[in-house]
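Inspection log for the structure reproduced underneath, given as structure tokens.
Lettering of chains follows the sequences in order, A, B, ..., and the numbering in each one begins at 1.
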Number of protein chains: 4
Amino acid sequence: MTASAPSAQPGLHTPRWERRKESRPAELLAAALDLFVERGYAATRLDDVASRAGVSKGTLYLYFSNKEELFTAVVRENILPLLARFREGIERSDAEPAALLEGFFRAWWAHVGATRLSGIAKLIVSEAGNFPDVARFFHEEVIHPTGELLALVIRRGIECGDFRPLDVEAAAHVWMAPLVMKAISSHSIDSCCPLHEQMPPQRFLDTHVELVLAALRNPRR
Amino acid sequence: MTASAPSAQPGLHTPRWERRKESRPAELLAAALDLFVERGYAATRLDDVASRAGVSKGTLYLYFSNKEELFTAVVRENILPLLARFREGIERSDAEPAALLEGFFRAWWAHVGATRLSGIAKLIVSEAGNFPDVARFFHEEVIHPTGELLALVIRRGIECGDFRPLDVEAAAHVWMAPLVMKAISSHSIDSCCPLHEQMPPQRFLDTHVELVLAALRNPRR
Amino acid sequence: MTASAPSAQPGLHTPRWERRKESRPAELLAAALDLFVERGYAATRLDDVASRAGVSKGTLYLYFSNKEELFTAVVRENILPLLARFREGIERSDAEPAALLEGFFRAWWAHVGATRLSGIAKLIVSEAGNFPDVARFFHEEVIHPTGELLALVIRRGIECGDFRPLDVEAAAHVWMAPLVMKAISSHSIDSCCPLHEQMPPQRFLDTHVELVLAALRNPRR
Amino acid sequence: MTASAPSAQPGLHTPRWERRKESRPAELLAAALDLFVERGYAATRLDDVASRAGVSKGTLYLYFSNKEELFTAVVRENILPLLARFREGIERSDAEPAALLEGFFRAWWAHVGATRLSGIAKLIVSEAGNFPDVARFFHEEVIHPTGELLALVIRRGIECGDFRPLDVEAAAHVWMAPLVMKAISSHSIDSCCPLHEQMPPQRFLDTHVELVLAALRNPRR
DNA sequence: GATGAATGAGTCTTCATTCAT
DNA sequence: TATGAATGAAGACTCATTCAT
């Protein structure tokens with residue numbers, strides 16, 4: 001709640017609440033995202049979402065008609081904008097295959113893995129059983145296109161002889177996995193364990209990139 | 001409420017000799033595992049667990065004092081036996097580094113990824129926020145040791161010159177990730193998507209093994 | 001809660017000279033009447049009342065201090081004016097008993113049964129349990145006087161020998177009932193049933209009048 | 001609640017609750033009927049229904065899946081049995097038309113107007129706007145057949161010359177109205193007014209019968 | 001005055017847990 | 001031991017009422 005205790009200075013007037021129609025939905029979505037990611041859908045109370053957003057429970061219902069719609073809004077509003085920025089960077093690039101591939105992984109981490117989209121990934125993996133439609137949507141709009149983009153990058157490298165031939169589609173799946181796993185872990189097991197036992201994301205990412213490029217090295221050259 | 005106070009969680013480290021009598025319905029644990037994995041802890045009703053196990057709700061309480069203890073029992077009872085079998089196979093082997101490494105991944109998939117332990121992994125990733133102790137337990141007893149085992153195998157290959165030198169610890173993390181991710185996906189997004197859009201586990205595994213070995217190839221030979 | 005404590009109900013007997021300024025939206029009262037009659041007091045949302053009247057919810061509170069006062073105002077404002085017009089017609093008449101009696105029923109239907117007062121009747125019958133004071137007010141100001149007026153008309157006919165003697169007071173009750181029932185039905189069951197299954201009010205009224213006069217026929221003449 | 005205060009005699013054991021699967025539904029329906037009739041559907045809290053039936057709120061949901069189903073069950077369970085008994089009496093009779101007609105009214109009052117079906121009538125009239133299906137059901141199963149039965153009785157009397165000809169269908173409507181109105185009033189306005197201002201049902205019924213028979217008298221005889 | 005965003009008490013409904021049978 | 005009826009605390013959602021704009 002925003003300052004409902006009577007202010008000490010009688011002349012000044014602390015309003016019991018403010019009117020902030022424009023910013024409320026975003027604040028609510030942010031609060032909901034945090035809690036859904038941390039606790040899961042069922043274990044998150046709307047009361048907590050509201051109070052974390054600094055409003056009362058009733059206010060939440062002015063913007064979202066029920067808990068489920070809040071959930072889908074959280075997913076919808078977070079996915080597309082972030083994803084768009086990531087893809088732009090890759091598609092515009094004219095770097096060489098190896099550099100492009102490295103750029104892909106580093107950009108994914110920067111624009112997805114290290115952002116709140118990582119929370120969305122954890123959330124959807126956790127809730128797929130309860131929200132199959134959302135999971136399917138996420139697969140079709142995020143996972144699949146991202147995998148295809150990666151496959152494209154690899155395929156280009158093979159075609160120009162920089163990379164050795166291999167099962168491109170499968171490799172794309174295999175190589176997305178560590179990034180996604182690390183993103184999910186950061187909202188899950190990693191956040192439960194002492195820092196010194198965790199693998200720092202940067203070292204993880206560097207190693208991943210190095211291993212991918214090593215695995216692609218063309219022995220003919 | 002789901003217990004989030006770490007100290008409140010009943011003993012995960014209960015030694016195995018404290019197992020209750022053999023007659024205790026393992027069906028309850030199996031039913032609970034299925035439902036917890038599919039729906040998550042909070043969204044699973046004990047009524048459903050009981051009826052899936054073919055008993056009444058009251059009976060459940062004869063064996064588990066509450067929902068939380070059922071949860072920890074599900075985790076405890078599933079992890080250690082399966083894990084043990086997996087490690088035995090690796091530790092006893094006297095194969096060459098490359099074969100041993102390949103064997104490691106294939107054995108992990110056979111004894112973990114393709115068994116109900118994969119469900120446990122999904123469950124713990126999902127519930128880490130609500131059960132940090134369980135997550136920590138899982139990290140310490142499963143993830144960390146497995147990673148160390150993998151690191152050991154890699155390190156041996158490097159020492160004898162079969163593999164090129166690299167950041168062994170980081171590589172172990174990176175290379176566990178695809179297996180774990182695939183295991184988790186099989187209980188999550190994969191189960192929501194049409195079969196033809198999924199990557200078959202075998203092809204995924206084969207590719208992973210091939211890519212790992214390629215990345216390890218020692219250019220000096 | 002709906003007020004059931006008799007003393008809590010704001011003044012129904014507020015004299016008419018206390019009416020607020022003419023500009024007060026009669027639309028609010030009209031909207032409230034419609035909705036209260038159709039749905040009942042508790043099931044009617046002030047939001048709906050306001051939007052039906054074409055104003056915002058807040059505006060409603062400029063004219064009525066709360067829901068209950070709106071309810072009593074709806075009753076108060078509708079009853080007395082309409083009733084007055086009906087009584088005038090009867091009291092002034094110098095027709096013969098039979099014609100006067102027929103006139104009574106037809107005027108009642110025209111000035112009450114076929115007007116929005118019929119809705120008030122339905123509303124009060126429905127809400128008597130929650131607003132006993134309002135029900136009592138209605139009984140004292142409307143039902144009882146109307147019954148006495150009818151009794152007077154009958155009694156006059158008996159005295160001059162046009163009608164046969166009978167239990168006048170009871171007959172007045174019995175003969176008011178069909179009119180009131182029909183009025184109530186028109187806001188209740190009738191409005192739910194296909195038109196062809198309903199008894200048209202005019203035929204109902206004609207028959208009622210005919211039966212009353214037949215029952216009063218003096219066999220001595 | 002049934003005796004949850006610890007009993008004074010330590011040796012005796014007062015159970016916190018009893019198992020009464022068989023009788024619960026009827027008790028709940030009876031409590032619900034009372035409250036729905038008195039307050040209406042929306043203003044009735046399930047908590048009150050439950051506690052009037054001597055159980056907790058949760059118990060109610062063991063027998064009725066929600067408030068609406070409780071409402072429809074109240075209507076359904078009360079209507080048909082009572083109605084059946086009333087019709088039997090009329091259909092079997094071989095009395096003369098006048099006696100039969102008188103019997104009809106007196107039986108209706110005894111089996112409907114003076115029983116809890118009178119409450120149902122008030123309830124349905126009040127809630128027709130919110131439950132049009134229930135209102136329609138009531139019209140088709142109760143009001144219409146009853147009206148037809150009455151019409152039949154009148155028609156028989158006309159055919160044998162005991163009654164004078166008239167608009168039978170309309171008369172049936174008109175003559176049912178006082179009975180229904182009195183039944184409804186007994187749960188509404190009558191229960192709010194001092195006894196001495198009410199018309200006693202018996203006097204009302206006697207007068208009604210007398211007036212009906214007078215109106216039917218055949219002048220040709 | 002008029003508006004409608006914000007509030008929070010109240011009600012329906014669910015479900016982990018208890019306990020009479 | 002096994003059952004499932006009963007409980008009651010908790011959480012989703014509504015809506016009368018307030019008040020900043």
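In terms of position along DNA chain F, the nucleotide closest to A42(A) lies nearer the 5' end than the nucleotide closest to the other residue of the pair L46(C) and A42(A). Toward the 5′ end of DNA chain E lies the nearest nucleotide of V55(C), the other residue of the pair E68(D) and V55(C) mapping further downstream. Residue-to-nucleotide proximity on DNA chain F shows that, of R24(D) and Y41(A), the 5′-proximal contact is made by R24(D).
Nearest approach of V37(A) to G119(A), heavy atoms of both residues: CG2-O, 3.3 Å.
Every residue was checked against the salt bridge (Lys or Arg N to Asp or Glu O under 4.0 Å) condition with R76(D), not counting sequence neighbours, and none meets it. With sequence neighbours excluded, no residue satisfies ring pair (Phe, Tyr, Trp, His ring centres under 6.0 Å) with F138(A).
Although no hydrogens or angles enter the test, the distance criterion places a donor-acceptor pair under 3.5 Å between the side chain of K67(A) and the main chain of Y41(A).
In this structure, the ring of F64(B) has its center no less than 6.0 angstrom from the ring center of F71(B). Taking the six-membered ring for Trp and the full ring otherwise, the centers of F131(B) and F137(B) sit at least 6.0 Å from each other.
Residue K67(B) is classed as a sugar-phosphate contact, given heavy-atom separations below 4.0 Å to backbone atoms only. Across all strands, S51(C) comes closer than 4.0 Å to no nucleic acid atom at all (heavy-atom distances).
Note: CZ (F36(C)) to C1' (dA16(F)) measures 12 Å, nearest angstrom. Rounded to whole Å, atom C1' of dA5(E) lies 9 Å from atom NZ of K57(C). Atom-to-atom, CG of L35(B) to C1' of dA16(E) comes out at 15 Å; the value is rounded to the nearest Å. Spacing between atom CG of D47(D) and atom C1' of dA9(E) amounts to 14 Å, rounded to whole angstrom units. Taking atom CG on L28(B) and atom C1' on dT1(F), their separation rounds to 14 Å, with Å as the unit. Atoms CG (L70(B)) and P (dT17(E)) sit 10 Å apart, rounded to a whole Å. Look at CZ on R45(A): it is 9 Å from P on dA10(F), rounded to the nearest Å.
Only G58(D), T59(D), L62(D), Y63(D), listed by number, bring a heavy atom of residues 58-66 of chain D to less than 4.0 angstrom from any atom of DNA chain F.
Base pairing annotation: dT17(F) forms a Watson-Crick or G-U wobble pair with dA6(E), both donor-acceptor distances under 3.5 Å.
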